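What follows is a single structure, written as structure tokens, with notes after it.
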Amino acid sequence: MLEEFGAPLVIDELDLADPRPGEVLVRVIACGVCHTDMYTASGVDPSGYAPTVLGHEGAGVVERVGEDVRTLAPGDHVVTLFSPQCRECVHCLSPRTNLCLAIREQQNRGYLPDGTTRLSRAGAPIRHFMGTSTFAEHTVMPEIALAKVTPEAPFESACLFACGLSTGLGAAMYTAAVEPGTTCVVFGAGMVGLGAVAGCRLQGAERIICVEPSEQRRELARGQGATECWSAGEETVARVLEATGGFGADYTFEATGSVAVMREAVEAARMGWGVCTVAGVAGRGETLDIVPRLLITGRRVRGTSFGGVKGRDQVPGLVERYLGGEIDADAFISHRMPLSEVNRAFELMEAQDGIRSVLTLET
């Protein structure tokens, strides 16, 4: 758990209360270690809080359900959702967004929907993280924040669909809705960028250019469907324009978190109808500077959270496409380690060693 910002996480025994109405007890089997976890642990996140149990990219098995839980039962395999789906609020009923409103306020404060926690230590409440807290052997979560998936899917791969992989896939498939035969440029080949490359391929894009400084990651992008891989440089925008007859790409995706790269992604989008989708998370206080004429001449800029994926409805289908061989999720797993080595996973991430470390919690 995160005791204090900027300090290593600690392994500790906490009390976990039984699930209340609408809640579910999940035994966590595997959990990816995401940049968002490290971002919060560093203390840079202005909305962060401590102490808390981090982790949000989890997969596991339902062990117990509270009253009024109708869609899940003990034994079900689930993927955790930091972006829930109640299927009832105005946002869930709209095809235009995946940002459920049902529990957003309490979740952002570190509480479950009733404004309390199930985690405690010596009687003192410990707040939940992103409504999930999956750096733990067990967690209690709202029913609406769990996607039931096929038991055929390995937990270590299924957990990736809880955040990074679905974010990238969804950015291309749902937020931008890439059309067949088009040209796409993806800036960044981390988990989200590689997912966007795969999403563009699944949508039938004819040309997929991945811009990434790491040669190793460029090779991974080729494996996900990139038709061209370029090393990042100052002339990237000019190179995109030259490669597209001076117009720019039909779709561009930013997956680095750098506002400078975000601007490049906007500038590289096609005049007339180009769509730039921003998936990266910028630093606190940073702003994106866009020349208005780029927008006047037809370009559009879109943001995306969790790739626009409606988790309970669409994550199970993405997992099925993985099992069918359309999505190579296994290629993203760089390291496997027990929960006790979570700080090593942070170190590997900071060193950009691999794409994703997965914690295995089953003993």
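For the numbers below, each heavy atom of this structure counts, side chains included, while hydrogens, waters and symmetry mates do not. Fair warning: this is a prediction, and the values are worked out from it, not measured in the lab.
- For the pair Thr117 (side chain) and Arg127 (backbone), a donor-acceptor distance under 3.5 Å is absent.
- One N or O on the side chain of Thr297 and one on the backbone of Arg293 form a donor-acceptor pair closer than 3.5 Å.
- Side-chain atoms of Glu254 and Thr252 form no donor-acceptor pair, as typed in the model, at a separation below 3.5 Å.
- Side chain of Thr277 to backbone of Ala172: no donor-acceptor contact under 3.5 angstrom is found.
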Verdict with supporting geometry, Arg312 and Thr71, side chain to side chain contact (heavy atoms under 4.5 Å, CB included): CA-CA 10 Å; Arg312 295 167 76 195; Thr71 64; 3.3 Å; yes
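- The minimum heavy-atom distance linking Tyr39 with Ala282 is given by the pair OH-O, 4.4 Å.
- Taken to the nearest 0.5 Å, the CD atom of Glu320 stands 5.0 Å off from the OG1 atom of Thr150.
- Annotation: side chain of Phe253 is in contact with side chain of Val178 (closest heavy-atom distance under 4.5 Å).
- Identified under the salt bridge (Lys or Arg N to Asp or Glu O under 4.0 Å) test for residues 345-360, with sequence neighbours left out: Glu57-Arg356.
- Between the side chains of Tyr322 and Ser157, a donor-acceptor pair is found at a separation under 3.5 Å.
- By the side-chain hydrogen bond (donor to acceptor under 3.5 Å, both in side chains) test, Thr287 is found to be paired with no residue, residues two or more places apart in sequence or in another chain being considered.
- Residue pairs meeting the salt bridge (Lys or Arg N to Asp or Glu O under 4.0 Å) criterion with at least one member in residues 178-190: none, sequence neighbours excluded.
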Table please: side-chain donor-acceptor pairs of residues 16-31 below 3.5 Å, with sequence neighbours left out.
from	atom 1	to	atom 2	distance (Å)
Asp18	OD1	Arg64	NH1	2.6
Arg20	NH1	Asp114	OD2	2.8
Arg20	NH1	Thr116	OG1	3.2
Glu23	OE1	Arg20	N	2.9
Glu23	OE1	Arg118	NE	2.8
Glu23	OE2	Arg118	NH2	2.9
Arg27	NE	Glu63	OE2	2.9

Ser357 and Met337: CA distance, side-chain angles, deciding distance, side chain to side chain contact (heavy atoms under 4.5 Å, CB included) verdict: CA-CA 7 Å; Ser357 293; Met337 60 194 70; 3.9 Å; yes
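- Residues Ala269 and Val275 share a closest heavy-atom pair of CB-N, 4.4 Å.
- Formation of a donor-acceptor pair under 3.5 Å by the Thr236 side chain with backbone atoms of Ala232 is not found in this model.
- Ionic pairing of Arg239 and Glu228 is not present here: no N-O contact between side-chain nitrogen and carboxylate oxygen is shorter than 4.0 angstrom.
- Taking the six-membered ring where tryptophan is involved, the planes of Phe135 and Phe346 are tilted, since the angle between them lies from 30° to 60°.
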Test log, rule side chain to side chain contact (heavy atoms under 4.5 Å, CB included), inputs Cys34 and Asp37: CA-CA 6 Å; Cys34 176; Asp37 300 307; 3.6 Å; yes
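- Looking at Pro84 and Gln107, their side chains come closer than 4.5 Å, going by heavy atoms from C-beta outward.
- The two atoms that bring Ala255 and Val192 nearest to each other are CB-CG1, 4.0 Å, heavy atoms only.
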Full working for side chain to side chain contact (heavy atoms under 4.5 Å, CB included) between Arg217 and Gln352: CA-CA 10 Å; Arg217 292 189 173 191; Gln352 294 192 344; 4.0 Å; yes
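- Ser166 and Phe306 get closest at one heavy-atom pair: CB-CE1, 3.5 Å.
- At a threshold of 4.5 Å between non-hydrogen side-chain atoms, the residues Met173 and Leu318 count as touching.
- Between Arg321 and Leu202 there is a side-chain heavy-atom pair separated by less than 4.5 Å.
- Two residues are said to be in side-chain contact when any heavy atoms from C-beta on lie closer than 4.5 Å; Ser231 and Arg218 meet this criterion.
- Residues Met191 and Leu165 meet the side-chain proximity criterion, which asks for heavy atoms closer than 4.5 Å.
- If you take CG on Leu72 and CD on Glu143, they are separated by 5.5 Å, rounding to the nearest 0.5 Å.
- By the side chain to side chain contact (heavy atoms under 4.5 Å, CB included) test, Thr360 pairs with Glu156, sequence neighbours left out.
- Residue Leu339 is grouped with residue Ile333 when hydrophobic side chains (ILVMFWY) are merged at heavy-atom distances under 4.5 angstrom, including chains of intermediate members.
- Residues Thr36 and Met130 have side chains in contact (heavy-atom distance under 4.5 Å, counting atoms from C-beta outward).
- A donor-acceptor contact shorter than 3.5 Å links the side chain of Ser133 to the backbone of Val53.
- With hydrogens and angles disregarded, a donor-acceptor distance shorter than 3.5 Å links the side chain of Tyr49 to the backbone of His128.
- Side chain of Ser334 to main chain of Ile355: a donor-acceptor pair is present (N/O by atom type, distance under 3.5 Å, no hydrogens or angles).
- Residues Val358 and Cys159 are in side-chain contact: their nearest non-hydrogen atoms beyond the backbone lie under 4.5 Å apart.
- By the salt bridge (charged side-chain N to carboxylate O under 4.0 Å, His left out) test, Arg104 is found to be paired with no residue, residues two or more places apart in sequence or in another chain being considered.
- Put simply, the side chain of Asn98 gets close to the backbone of Ser305: a donor and an acceptor are under 3.5 Å apart.
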